[in-house]
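Letters A, B, ... are given to chains in the order of the sequence lines, protein chains preceding strands, and every chain is numbered from 1.
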There are 2 protein chains.
Amino acid sequence: MASDIEAPASFDSLRHNVQARYDGLSPHLQRLARLALEDPNSFALETVTSLAQTAEVQPSTLIRFAKEFGYSGFSDMQKIFKLRLIEGAPAYREQIHQHRTRLEAAAERDPMAILQEFTDASILCLERLKDTVDPAALARAIEMIAAADTIYVIGQRRAFPIAAYIAYGLARLEHRTQLLDFVGGMVPQQAATLRPTDLLIAVAFAEYTPAVVETVRDVHIRNIPTLTITDVPTSPLAQHGTVYFCVDDADIHRFRPIAGSISLAQSLIIGLGYYKDARKEDRGHGLKA
Amino acid sequence: MASDIEAPASFDSLRHNVQARYDGLSPHLQRLARLALEDPNSFALETVTSLAQTAEVQPSTLIRFAKEFGYSGFSDMQKIFKLRLIEGAPAYREQIHQHRTRLEAAAERDPMAILQEFTDASILCLERLKDTVDPAALARAIEMIAAADTIYVIGQRRAFPIAAYIAYGLARLEHRTQLLDFVGGMVPQQAATLRPTDLLIAVAFAEYTPAVVETVRDVHIRNIPTLTITDVPTSPLAQHGTVYFCVDDADIHRFRPIAGSISLAQSLIIGLGYYKDARKEDRGHGLKA
DNA sequence: CACAAAATGGAAAGTTCGTTCGAATCAGGC
DNA sequence: GCCTGATTCGAACGAACTTTCCATTTTGTG
């Protein structure tokens, strides 16, 4: 063991350590050092034996390598490599939990504290949205909307405001849009009139309003394109979405922030606006190369 | 084991399989399915025992889960999750870079850049909201809502989703609530039935929908309490609000973020929830000092 | 209400993995 | 050329992990 008061706790500091002491290492340890910095993924996922094979050293050398940098053994060092892979991801749910407890603590008397905590939580949702949305799905969703003849939008309870906003936005962009709002109780009949050239946009979160789920399923089974916004990949709306988005906003005191979903909806609308503008321009200037 | 000729070799196909067969799985397997799709990183890095603990199932259930989808055991399935991590991970650092360059270069075309820009703008709105909201107004608004007999909510166009959310939230807190949605064209008549013990909540931004403005003015002149959410203090809704909030969100690409207004609405609802809980407790334990 | 089938719990067996430690090998100095 | 110290090898051990199997509970059905 080189010195006693070390053991880097982050991948970055470990890398610095390895780089600084590289010249003073024995040949085999140098080989491992190179491997560790060039292919850290393998160090996170593979076993001592298989790493030893690829590096053409004995397993015990890997343990000596780990101890050389202050860890108690290989497993101890491997934690750092595993951490590097998930970087930042686990923070979200913990942070939300913090917000929730803080909100519950300070809330009873001061509404302003509620506002504070709630907007903070909403901001977190928005930050996360940027990371979790699949760019390909976003592009495809916009194309689907642009290609559709008539767009039907459905959403109930907490999801209704989002559905309403989508309908509003589409109408502003002069799309044929129909918000299925259950007034008059004719939704099943309305859904039955959808054609394969139309599009159904559905929004629902747990517990998924049965009427919405059924509508989506019926329409999707009839091979009519569906675009769904829901919370988790296992939701029935994800299963029956031709394209789907998951915006999982952890709930805060029985109410979930919907800022994430709303912003996604708004981004879809704005993206659609640009998409249509671009196509209009192309048509105006003739065919493009 | 469900069938014999399967075992997805990629994470995508595994995800599709899980989504498709989710409904037919037993409760515990469903729980694992959710965890697997929502937190695939843990499935790649952690052990059977620790995953079983977080999912609150027995380790054996994880093996059953893996076999259900055609793998020989958990380790066999875990390979897929590990693969996803090494293929998906290098993207991360590049993604950050991509975001930057895409934002600077081609913001107009790329939907992902729009999403980025738009969520950033929404975050800004939320930051501002915390500073601009008057704590006294917030407290008074909650008291007004709590004191009201029946609450009428009105909002059109972009403000309609916000009004709809308020109506939803109030209904969930078991308030008598009526969303004035212009279906049937009876809004003026409905508004005429408001009594001084009721409350009108109105939401409108420039250009203020005339029907909403008129309704608010009429109700306010009749000395019925009004709570309004609008954009600027000079708005007609601010003038005729017994209590009013201004949430001025600068527009971006012809559309304004409404995340700020939505979050204010949600904070009002949650604040009301706590307020009611507190009063209920007080009544239960007698008068408080 | 009893029964069969499915789902789950839990402990014990079996396997893989990480780690240790003495022997073997190598490099450089007298 | 031998000796010393550092380095590496590799078998054996012990711990951790996965898997199996059967008892128990739950669920649905006649």
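To the nearest angstrom, C1' of dT19(C) lies 17 Å from CD of Glu68(A). Look at CG on Leu51(B): it is 15 Å from C1' on dT19(D), rounded to the nearest Å. One atom, CG of Asp76(A), and another, P of dG18(C), lie 13 Å apart when rounded to the nearest Å. In this structure, CG of Leu25(A) is placed 14 Å from C1' of dA6(D), rounded to the nearest angstrom. In this entry the distance linking NZ of Lys67(A) with C1' of dG18(C) reads 10 Å, nearest Å. Distance CZ (Phe65(B)) to C1' (dG9(C)): 19 Å, rounded to an integer number of Å. If you measure from atom CG of Leu32(B) to atom C1' of dT8(C), you get 12 Å, rounded to the nearest angstrom. Rounded to an integer number of Å, the gap from Leu62(B) CG to dT18(D) P is 9 Å.
Side-chain contact, Asp218(A) with Thr215(A): no donor N or O sits under 3.5 Å from an acceptor N or O. A donor-acceptor pair shorter than 3.5 Å cannot be found between the side chains of Tyr168(B) and Gln156(A).
Taking Asp120(A) as the reference, Lys130(B) meet the side-chain hydrogen bond (donor to acceptor under 3.5 Å, both in side chains) condition, with sequence neighbours excluded. Annotation: side chain to side chain contact (heavy atoms under 4.5 Å, CB included) contacts of Ser13(A) (sequence neighbours excluded): Pro8(A), Ser10(A). In this view, His175(B) satisfies the ring-ring contact (aromatic ring centres under 6.0 Å, His included) rule with no residue, not counting sequence neighbours.
Ring pair Phe255(A)/Tyr165(B) is perpendicular by interplanar angle, where above 60° counts as perpendicular and below 30° as parallel. Classification of the Phe43(B)-Phe81(B) ring pair by plane angle, with boundaries at 30° and 60°, yields tilted.
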Polar atom pairs between nucleotides 15-17 of chain D and protein, under 3.5 Å, N or O only, would you list them?
none

Output one line per pair: protein atom, nucleotide atom from nucleotides 9-12 of chain D, and distance, for all N/O pairs under 3.5 Å.
from: dC9(D); atom 1: OP2; to: His28(A); atom 2: ND1; distance (Å): 3.3
from: dG10(D); atom 1: OP2; to: Gln58(A); atom 2: NE2; distance (Å): 2.8
from: dG10(D); atom 1: O6; to: Ser60(A); atom 2: OG; distance (Å): 2.9

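Within a 6.0 Å sphere centred on CD of Gln189(A), other residues, nucleotides and ligands contribute more than 12 heavy atoms.
Distances shorter than 4.0 Å separate some side-chain N or O of Ser75(B) from OP1 or OP2 on dT19(D).
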Show which side-chain atoms of residues 196-213 of chain A pair as donor or acceptor with protein atoms under 3.5 Å away, not counting sequence neighbours.
from: Asp198(A); atom 1: OD1; to: Thr150(A); atom 2: N; distance (Å): 3.1
from: Asp198(A); atom 1: OD2; to: Arg195(A); atom 2: N; distance (Å): 3.0
from: Tyr208(A); atom 1: OH; to: Asp231(A); atom 2: OD1; distance (Å): 2.9

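Of all nucleotides listed (dT19(C), dT20(D), dT18(D)), dT18(D) comes nearest to the side chain of Phe74(B).
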